[in-house]
Amino acid sequence: MSYATPTRYDAILARDGSAQIRRAGVILLVVILIGAAMSLTGLLDPQRFADAWPAIKQLASEMFPPDFKRYHSWLRPLADTLAMSVAGTALAVALSLPLALFAAHNTTPNRIVYVTTRAILNLLRSIPELIMGIIFVAMVGFGALPGVLAVGLHSVGMIGKFFAESIEHVDPKPIEAARAAGASPFQVIWHAVLPQAMPQLTDTTIYRWEYNFRASTVLGAVGAGGIGFELIAALRVLEYAQVSAILICILICVTIVDGIGAALRNYLK
Amino acid sequence: MLRLHGVAMTYPNGVAAVLPTSISVPKGQFLVLLGPSGAGKSTLLRCMNGLVKPTQGDVTVEGRGSIFRSGHALRQHRRRTGMIFQQHHLIGRLSALQNVLIGRVAAHGALRSMLPLPRADRLIALQSLERVGLLDRALDRADELSGGQQQRIGIARAMAQRPQIVLADEPVASLDPASGEKVLADLHRICREDGITAIVSLHQVELARRFADRVIGLVGGRIVFEGTASQLGQTILEQIYTAAPSRMEAA
């Protein structure tokens with residue numbers, strides 16, 4: 001093989017090498033930042049974990065065996081939680097779709113609407129659902145209703161943003177074809193944009209429903225209904241055997257919900 | 001010498017892709033598998049490096065025995081056997097050089113291969129790129145290059161293994177005719193220079209005539225012709241392509 005051109009090889013390897021050194025520098029910086037964050041939060045302090053050991057053993061022994069005696073009084077709250085997640089996700093999707101059309105730059109009417117809608121989505125995303133739960137409990141009273149409103153409104157922040165991104169990624173060619181056929185702006189969206197984005201929209205919705213079920217289990221803690229209320233009640237009276245039993249029930253429900261989600265995704269594919 | 005002994009492959013869904021077939025490929029031969037799509041060319045090639053495990057028969061290498069006798073033996077065989085794919089099978093966001101270096105990783109252990117590979121391997125990779133005329137593009141992202149150039153990276157990756165055998169599955173089917181011919185000419189030249197045994201599946205008769213030492217015609221998973229490229233007569237071609245007359249016109 002008479003291809004040997006060593007000086008050119010060396011030049012290429014040197015250029016590749018300096019690029020790799022730069023990359024290694026970035027990685028080192030990230031590692032340092034992670035180390036700082038870990039030490040700041042006490043994760044690198046073995047003494048804290050050593051001191052916690054007796055308490056961990058104590059709690060674990062009190063949580064075992066789980067106490068399922070009161071299971072009949074958890075069925076309704078579990079059903080409430082499930083209903084909250086379904087209704088909340090539906091509410092979120094209904095609000096998100098129009099907002100997403102305003103927040104996607106290929107379907108927004110103008111720049112002001114675009115910026116305002118994006119700001120609204122950011123605001124909704126930045127208020128935790130637990131805080132929204134507290135606010136809605138104060139507004140409409142205890143029960144599942146404030147839970148639905150909290151889950152639904154907070155979800156709009158994320159679903160709206162993901163919907164908008166899916167809409168922005170559609171192929172512009174069918175849009176041109178619809179326009180060329182004389183379609184109105186609404187017809188273009190309905191007949192050319194949404195059919196293309198539909199798989200991503202349903203995927204986002206199902207993912208968020210799974211998430212919302214898990215989020216709904218906590219909302220009871222602030223009086224917004226569901227199994228979370230039972231959980232916090234058991235914690236307050238230090239019934240750790242019941243706490244672990246409720247956690248197992250939640251785990252089973254989460255597994256079922258995720259299974260339904262996976263089956264739905266498979267069916268819609 | 002690579003030998004297939006009554007190799008047959010029936011997929012779990014019941015499709016018999018290859019009927020019992022025996023082939024011997026002498027060292028250094030440029031063998032072309034010719035046939036329409038669905039003739040079993042890809043399956044047969046994949047049996048030769050165990051990417052597909054035949055449901056019947058065996059594949060042996062002279063002096064080494066069955067390639068399926070153990071997981072270790074199979075990996076050793078694959079290290080000595082480069083493969084070139086129709087769709088290039090590159091990682092678009094990595095540079096041409098990094099893609100070619102994938103051909104070198106199996107020469108090292110798993111842990112060692114996570115660190116930058118030794119200079120010797122990089123030089124082999126650069127040399128492989130130079131042989132396919134892409135030294136200037138070594139640090140460019142693979143997905144920034146044209147289809148023909150991407151397939152050259154694929155060839156360079158296979159050559160970086162320093163293989164004894166090369167398997168090429170429709171290597172020019174996704175290229176335009178002109179660049180396809182150039183890419184195949186490069187592959188042919190390199191295999192000749194290094195004495196590499198090449199088994200190349202094609203559906204273009206003209207390319208088979210130009211490059212093949214020997215041609216095996218396949219239809220429906222069965223060998224219907226075996227001979228030199230010059231023996232490829234009209235009647236035999238009609239036999240091979242009756243299932244797909246449109247391909248005759250293209251050829």
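Below, chain A is the first sequence line, B the second, and so on; all start at residue 1.
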Positions in residues 136-147 of chain B that reach chain A, provided some heavy atom is under 4.5 Å away: B:Asp136, B:Ala138, B:Leu139
Contact listing (chain A partner; residues 90-105 of chain B; heavy atom under 4.5 Å): B:Leu97, B:Gln98
Hey, is [atom1] on [X] packed in by over 12 heavy atoms from elsewhere, all under 6.0 Å?
| X | atom1 | value |
| --- | --- | --- |
| B:Leu115 | CG | yes |
| B:Tyr11 | OH | yes |
| A:Ile112 | CD1 | no |
| A:Tyr207 | OH | no |
| B:Phe30 | CZ | yes |
| B:Phe211 | CZ | yes |

My understanding is that only residues two or more places apart in sequence, or in another chain, count here; which of them pass side-chain hydrogen bond (donor to acceptor under 3.5 Å, both in side chains) with A:Asp45? none
Hey, does A:Arg8 have a side-chain heavy atom less than 4.5 Å from the side chain of B:Leu126? no
Do B:Arg119 and A:Asp10 make a side-chain contact, defined as non-hydrogen atoms from C-beta onward lying under 4.5 Å apart? yes
With a 3.5 Å cut-off and sequence neighbours excluded, list the donor-acceptor pairs that the side chains of residues 89-98 of chain A form with protein atoms.
from    : atom 1 : to       : atom 2 : distance (Å)
A:Thr89 : OG1    : A:Ser85  : O      : 2.5
A:Thr89 : OG1    : A:Asn212 : ND2    : 3.0
A:Ser96 : OG     : A:Ala92  : O      : 2.6

If I take atom CZ from residue B:Arg122 and atom OH from residue A:Tyr9, how far apart are they, to the nearest 0.5 angstrom? 14.5 Å
